[in-house]
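Single-structure report; data block below.
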Amino acid sequence: MYHISDLKKYSRCPRLFQLDRTAEKAPFQKFIRLDEAVTDLAKEKLGIKECFLGARNDPPELALEALKTEEWLVKARFEYRQLRVKVPFLHRNGDGWDLYFLFVGLYPHADDRAFYCDTVYALQGIGLNLKDIRIIHLNADYVRKGELDTGSLFKVSDCFYTANNNPSQNVKDMITNSMSDISQIMDEMDRLDHDHPEAPVRTSKCTGRQKCRFYDSCFEEEAALPHNSILTLTGARYKYRMQSEGREFLADADPELIEGSPQQYAEIMADRKNGLFIDRMAVKTWLRSVSYPVTFLDFEWERYAIPPYDGMKPYDVLPFEYSVHVLHENGDVSHNVFLSVHDDRQELIESMLKDIPGQGTVMAYNAEGAEMIRISEMAEQFPQYARQLLDINSRMKDMQVPFVSGMVYDTRMAGVWSLKKIMSMMNDRSYKDLDINQGMDAVYNWRMLDREESDTDSGQIISQLKEYCGMDTYALMVVYKWLKEIAE
Ligand code: SF4
């Protein structure tokens, strides 16, 4: 028996499908927090009072039986030609059924059409007459005030959305036009299921949107590559070709086969100059725009699918921690960390406004993609502090800029531009020494605190979270000093 997720893996890579069938299931921690039983909330939106409610290991006959009598079927399990599908909502409509997909996101896009088509394939296979197909999804404009209002929290759409989130194709039309007979694919999956794994073939799907979880075992040899390997060349379409032509190192890159980005130039030059490239003029100009006191800032936050507190929208974030290191011109340093559990946004803002000096540069790593956005969101949710918050944003500089714009590259970065990687080159404290040393680990640990899980050692988690966030701003300060040093 197969699920739609198996079809998805097969279409990405037959070997992935095979390995996944036998591999131990990877522990799964959700990126996005979803504490609520979202199907129950969606049931409210659809006005479902009585229904057949399916469950995980239901035999398919149960749902088939329910089709004879029920008005609504929720989470019903059906099977057709070994394909087992879970159907969020089916509503009787005369001699047929209306199908509702549940999308726990803001804008359903047609790029996930295979999932929708495969579900409809199975339902049509068992002879269901589908009259209409809609998608129930979260409403991006909903702002929570008091109790959750499921009527406004969800939207029911009969269309998909474009990449810019504008309504586009009708759901039923798109599915009907994209449907194909997947019986041959299922036969091939059957064959593969009883065969040895295919040999690994590197394609863009190996690293695509998300690196395949079997990548390291498929291409073991890459783990032992030197940090100046040609394979570390950023955004290089032909790096494997160059490697196969005997160009093993960055310094050997073929000028005809690279894209010529400033990052690539910095990487190649670094390898030709004993490992470090620096565009001194550019770095000095960047440093000249930094003024004292310099505040290094970092937030930790949780992202919720369903807004838990007033003023929040679906997929809004709740900052729960910040760390600031303040470096004064005379070399003095002060450090503060704020950590809250549940909703202390206002307290966090008030504390941060006290801890960040009214003058000087505020610096964060990937500031434009994270800290500045968090601060703008706070200004929107708490307009009484908007002026001071936006003033911080006006003084913000992104520490990432000298690295990602090709002003500086050290081959020890091995094509990775994260603050952790850069910090690992410094002869200083290391993230590895911390009990919490990854951003998502910090979030998972905070979740245990926030949910008040019984076996949680709150004191220990709080101190580890403070250490981790504090390390980020300490690292920013160390890297800033290093930039000054190498620019001289
Ligand atoms: S790493 Fe590539 S070849 Fe290996 S299983 Fe994943 S997608 Fe397939």
Side-chain angles (χ1 to χ4, degrees), residues 1-32 82-85 105 109-119 121 163 178 180 182-250 253 257-259 263-264 267 413-418 420-421 438-441:
M1 185 183 56
Y2 305 113
H3 295 93
I4 290 184
S5 57
D6 295 313
L7 276 163
K8 204 169 170 180
K9 283 167 198 142
Y10 170 82
S11 74
R12 183 174 175 188
C13 165
R15 177 178 161 88
L16 167 61
F17 160 73
Q18 288 175 299
L19 296 181
D20 193 76
R21 295 282 286 174
T22 49
E24 213 173 286
K25 294 290 164 234
F28 182 63
Q29 276 275 22
K30 285 184 181 151
F31 244 43
I32 306 293
Q82 286 210 73
L83 178 63
R84 184 174 168 91
V85 296
H109 294 135
D111 53 6
D112 208 11
R113 74 187 70 194
F115 165 77
Y116 300 107
C117 290
D118 295 343
T119 306
Y121 167 84
S178 310
S180 60
I182 55 173
S183 52
Q184 277 183 348
I185 294 177
M186 305 276 292
D187 290 344
E188 178 61 6
M189 283 166 63
D190 254 348
R191 185 190 69 75
L192 289 169
D193 204 20
H194 297 97
D195 213 341
H196 292 298
E198 309 262 291
V201 178
R202 187 181 286 100
T203 67
S204 57
K205 291 180 177 174
C206 295
T207 42
R209 222 191 282 176
Q210 206 179 5
K211 188 174 166 187
C212 172
R213 79 178 178 111
F214 298 108
Y215 190 90
D216 293 339
S217 60
C218 286
F219 307 109
E220 273 171 357
E221 66 285 359
E222 287 192 15
L225 288 175
H227 55 240
N228 59 341
S229 159
I230 190 80
L231 297 187
T232 64
L233 191 61
T234 304
R237 195 168 159 207
Y238 299 111
K239 58 189 177 186
Y240 289 104
R241 178 168 153 192
M242 288 190 272
Q243 188 198 35
S244 69
E245 289 171 357
R247 297 174 185 273
E248 278 184 55
F249 302 106
L250 292 167
L257 292 180
I258 61 172
E259 289 74 6
Q263 274 175 310
Q264 290 181 337
E267 289 171 272
M413 288 162 65
V416 178
W417 270 261
S418 69
K420 277 183 196 63
K421 189 72 180 177
Q438 296 288 337
M440 279 318 290
D441 284 349

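Read the numbers this way: they start at 1 and go in the same order the structure lists the ligands and their atoms.
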Do me a favour and list the nearest non-hydrogen protein atom to atom 8 (Fe) of ligand 1 with residue, atom name and distance?
-> Cys13 SG, 2.3 Å
Please answer whether the main-chain N or O of His3 pairs with a side-chain N or O of Asp6 as donor and acceptor at a distance below 3.5 Å.
-> yes
Checking Arg202 against Phe219: charged group under 6.0 Å from the ring centre and within 45 degrees of the axis?
-> yes
Using a strict cut-off of less than 4.0 Å between a Lys/Arg side-chain nitrogen and an Asp/Glu carboxylate oxygen, indicate whether Asp216 and Lys211 qualify as a salt bridge.
-> yes
Counting from 1, what ligand 1 atoms have a heavy atom of Val201 closer than 4.0 Å?
-> 3 (S)
What residue and heavy atom of the protein are closest to atom 2 (Fe) of ligand 1, and at what distance?
-> Cys206 SG, 2.3 Å
Taking C-beta and beyond as the side chain, do Tyr2 and Leu7 meet within less than 4.5 Å on heavy atoms?
-> no
In terms of residue, atom name and distance, what is the protein heavy atom nearest to atom 4 (Fe) of ligand 1?
-> Cys218 SG, 2.4 Å
Hey, are Glu259 and Gln264 close enough side-chain-wise for a donor-acceptor pair under 3.5 Å?
-> yes
N/O/S from Cys212 sitting under 2.8 Å away from atom 8 (Fe) of ligand 1 | no
By number and element, which atoms of ligand 1 are closer than 4.0 Å to a non-hydrogen atom of Leu16?
-> 5 (S)
